[in-house]
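For reference, the structure discussed in these notes is given below.
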2 protein chains.
Amino acid sequence: MKTLIKEKRTEMNITQEELSKKLKVSRQTVISLEKGKYKPSLVLAHKLAQTFGCTIEELFIFEGDENIE
Amino acid sequence: MKTLIKEKRTEMNITQEELSKKLKVSRQTVISLEKGKYKPSLVLAHKLAQTFGCTIEELFIFEGDENIE
DNA sequence: CATCTAAGTAAAGTATACTTTACGTTAAGT
DNA sequence: ACTTAACGTAAAGTATACTTTACTTAGATG
């Protein structure tokens with residue numbers, strides 16, 4: 001699974017810290033998501049998509065059968 | 001957060017067990033998701049949406065600021 | 001050089017998603 | 001009455017999402 005979080009955030013001209021405050025998560029969470037260290041929960045994915053004005057499917061690119069981790 | 005998993009599954013006329021096999025998760029996971037015991041991971045949500053031929057946003061109804069649990 | 005901001009790493013802890021196994025219930029068929 | 005299918009509950013264990021704290025690094029600016 002790939003994500004466009006970093007791209008969307010920089011397009012929006014906000015810092016990781018600002019994004020983390022909008023989402024009400026820690027800055028570490030934003031860093032880890034952008035770096036692909038783990039996958040967001042469904043609710044967090046939805047908040048991210050809303051923040052960027054797009055759908056979950058536009059923000060995350062799912063590749064052929066992934067593990068459900 | 002609400003989900004239409006059960007509705008979509010019964011529309012499709014498949015059992016929980018059949019759905020669990022399509023998704024490659026346990027039957028308990030399907031039961032728990034339908035019953036709202038917990039929220040699916042992003043990848044599982046995507047697989048569910050694909051199975052039902054809809055988007056994640058159509059399958060899950062997000063209500064005003066939820067906890068990110 | 002000193003300092004500030006933004007981005008990054010690392011590690012330990014908590015919460016929750018998911019699995020596995022086993023047992024209970026209800027409705028339909030024979 | 002007995003069996004089978006489908007749905008459900010419960011509990012214990014594992015994996016991972018997320019938090020918190022603390023430290024690092026690179027770039028810009030006084």
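Below, read A as the first sequence line, B as the second, and so on, with proteins coming before strands; counting in each chain starts at 1.
No side-chain heavy atom of B:Met12 sits under 4.5 Å from any side-chain heavy atom of B:Leu19. A:Lys8 has its side chain within reach of A:Cys54: a pair of non-hydrogen atoms, C-beta onward, lies under 4.5 Å apart.
Nearest approach of A:Leu59 to A:Ala49, heavy atoms of both residues: CD2-N, 3.6 Å. Scanning all heavy atoms of the two residues, the minimum distance from B:Ile5 to B:Phe60 falls at CD1-CE2, 4.1 Å. For A:Glu18 against A:Thr15, the heavy-atom pair with the smallest separation is OE1-N, 2.9 Å. Between A:Lys47 and A:Leu23, the shortest heavy-atom contact is NZ-O, 3.7 Å. The nearest pair of heavy atoms linking A:Glu57 to B:Ile56 is OE2-N, 2.8 Å. Closest heavy-atom contact between B:Lys22 and B:Ile14: CE-CD1, 4.0 Å.
Side-chain atoms of A:Ser26 and A:Thr29 include a donor-acceptor pair closer than 3.5 Å.
A:Thr29 has no side-chain polar atom (N or O) that falls below the 4.0 Å cut-off from OP1 or OP2 of D:dC18. Side-chain nitrogen and oxygen atoms of B:Ser41 include at least one within less than 4.0 Å of the OP1 or OP2 phosphate oxygen of C:dC18.
Distance B:Leu44 CG to D:dA17 P: 13 Å, rounded to the nearest Å. Rounded to an integer number of Å, the gap from A:Leu48 CG to D:dA17 P is 14 Å. Taking atom NZ on A:Lys21 and atom P on D:dT19, their separation rounds to 14 Å, with Å as the unit. A:Leu42 places its CG atom 15 Å from the C1' atom of D:dT16, with the value rounded to the nearest Å. In this entry the distance linking CG of A:Leu19 with C1' of D:dC18 reads 15 Å, nearest Å. Rounded to whole angstrom, the span from the CG atom of A:Leu23 across to the P atom of D:dA17 amounts to 16 Å. D:dT14 atom P lies 17 Å from atom OH of B:Tyr38, rounded to whole Å.
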Can you name the atoms? Protein N/O to nucleotides 3-13 of chain C N/O, anything below 3.5 Å, with the distance.
residue, atom, partner, partner atom, Å
C:dA7, OP1, A:Arg9, NH1, 2.9
C:dA7, OP2, A:Gln16, N, 2.9
C:dA7, N7, A:Arg27, NH1, 3.0
C:dG8, OP1, A:Lys6, NZ, 3.0
C:dG8, OP2, A:Gln16, NE2, 2.5
C:dG8, N7, A:Arg27, NH1, 3.4
C:dG8, O6, A:Arg27, NH2, 3.0
C:dT9, O4, A:Gln28, OE1, 3.0
C:dT9, O4, A:Gln28, NE2, 3.0

Quick one: which protein N/O atoms are closer than 3.5 Å to N/O atoms of nucleotides 25-30 of chain C? Pair and distance per line, please.
none

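The line from CD of B:Gln50 to CG of B:Leu48 is 10.5 Å long, rounded to the nearest 0.5 Å.
Residues from residues 50-58 of chain A that place a heavy atom under 4.0 Å from any atom of DNA chain C: there are none.
The closest donor-acceptor contact from the side chain of B:Glu17 to the backbone of B:Arg27 lies at 3.5 Å or more, if one exists at all.
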